[in-house]
Participant: 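Next up is a structure, given as structure tokens.
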Amino acid sequence: MMRRLRWIVPAAFLLVIAATPLLAAEGGDSAADSTIGRVFRWLNFIVVFGGGGYFIAKKAPAFFRGRAETIVSAITEASRVREEAERRCKEAETRLAGLEQEIAEMRATARRDAQADAGRIRALAHEEDKKIALAGDAEILAAERGARLELQALGAGLAIERAEAQLRKEITPSADAALFRGFVAQLEGGTN
């Protein structure tokens with residue numbers, strides 16, 4: 001009910017104010033120049049500007065407070081971002097200042113590493129060379145041994161062939177029979 005009265009009372013008041021100029025026009029005299037006309041003009045001024053002032057006084061603090069909080073938070077965020085950017089800028093300047101020294105150190109380290117790698121590679125190559133030479137020597141010795149054995153087998157085979165050929169020439173059937181008799185005689189003499 002109170003809510004309805006809040007709307008009904010101002011609406012009735014506005015209706016009375018709006019109807020006043022019509023009632024004044026019926027009287028013949030200019031209502032605007034009369035005392036009542038001046039009072040109603042002042043009342044109209046007070047109502048219009050009072051209502052506007054009331055509305056502003058009622059809604060403006062919350063609006064401006066919210067707006068101020070938004071602005072303050074934006075300023076705080078902006079200052080935080082600015083401080084972060086300044087910190088990063090200082091870090092970048094510090095890095096840039098030490099960049100040439102860091103590059104020189106990296107080059108020196110790279111040279112030392114390259115020299116150490118070259119030394120290691122030379123040592124590994126020297127070791128591989130020794131291993132290859134030893135393997136080659138072992139292969140040569142094995143081949144030499146194999147060739148000697150093959151040569152000895154060939155020589156023995158040739159000697160046997162020659163001896164056999166010589167024996168065939170020298171042993172005739174009569175010499176063969178004499179050898180056989182001598183062998184049998186040896187056997188007989190050995191059993192006694």
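All of these numbers come straight from a predicted model, not from anything done at the bench.
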Participant: What's the verdict on side chain to side chain contact (heavy atoms under 4.5 Å, CB included) for Glu128 and Lys131, showing C-alpha distance, side-chain angles and the deciding distance?
Facilitator: CA-CA 5 Å; Glu128 284 296 316; Lys131 287 178 183 178; 4.1 Å; yes

Participant: What about Ile103 and Leu96, same hydrophobic cluster or not, with Ile/Leu/Val/Met/Phe/Trp/Tyr joined at side-chain heavy-atom distances under 4.5 Å?
Facilitator: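 Yes; tracing contacts between hydrophobic side chains, which count when under 4.5 Å, links both residues.
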
Participant: Is there any ring pair (Phe, Tyr, Trp, His ring centres under 6.0 Å) pair reaching into residues 52-90, and which pairs are they, with sequence neighbours excluded?
Facilitator: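 Ring pair (Phe, Tyr, Trp, His ring centres under 6.0 Å) check on residues 52-90 returns no pairs.
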
Participant: Please determine whether a side-chain nitrogen of the Lys or Arg among Arg80 and Glu77 lies less than 4.0 Å from a carboxylate oxygen of the Asp or Glu.
Facilitator: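 Salt bridge: yes.
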
Participant: Got a sec, which residues hit salt bridge (charged side-chain N to carboxylate O under 4.0 Å, His left out) with Glu84, two or more places apart in sequence or on another chain?
Facilitator: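 If we apply the salt bridge (charged side-chain N to carboxylate O under 4.0 Å, His left out) test to Glu84, skipping adjacent residues, the hits are Arg87, Arg88.
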
Participant: Run the numbers on Arg82 and Glu86 for salt bridge (Lys or Arg N to Asp or Glu O under 4.0 Å), then give the verdict.
Facilitator: CA-CA 6 Å; Arg82 189 192 80 233; Glu86 288 175 354; 3.3 Å; yes

Participant: Is it true that Glu144 and Arg148 make a salt bridge, defined as a side-chain N closer than 4.0 Å to a carboxylate O?
Facilitator: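 Between Arg148 and Glu144 there is a salt bridge, with a charged N closer than 4.0 Å to a carboxylate O.
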
Participant: Between CG of Leu149 and CG of Leu154, what distance do you get to the nearest 0.5 Å?
Facilitator: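 These two atoms lie 12.5 Å from each other.
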
Participant: To the nearest 0.5 Å, what is the distance between CD (Glu127) and CD1 (Ile132)?
Facilitator: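 One finds 12.0 Å between CD of Glu127 and CD1 of Ile132.
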
Participant: Hey, could you give me the OG1/CD distance between Thr109 and Glu102, rounded to the nearest 0.5 Å?
Facilitator: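 Those atoms lie 10.5 Å apart.
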
Participant: Please state whether the rings of Trp42 and Phe45 are parallel, tilted or perpendicular, taking 30° and 60° as the class boundaries.
Facilitator: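 The rings of Trp42 and Phe45 stand perpendicular, inter-plane angle above 60°.
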
Participant: Only counting residues at least two apart or in another chain, list the ones meeting side-chain contact (heavy atoms from CB on, under 4.5 Å) with Arg145.
Facilitator: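 Partners of Arg145 by the side-chain contact (heavy atoms from CB on, under 4.5 Å) criterion, ordered by chain and then number, come out as Leu141.
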
Participant: Assess whether atom CD of Glu91 is packed by more than 12 heavy atoms of other residues, nucleotides or ligands within 6.0 Å.
Facilitator: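 Yes, enclosed.
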
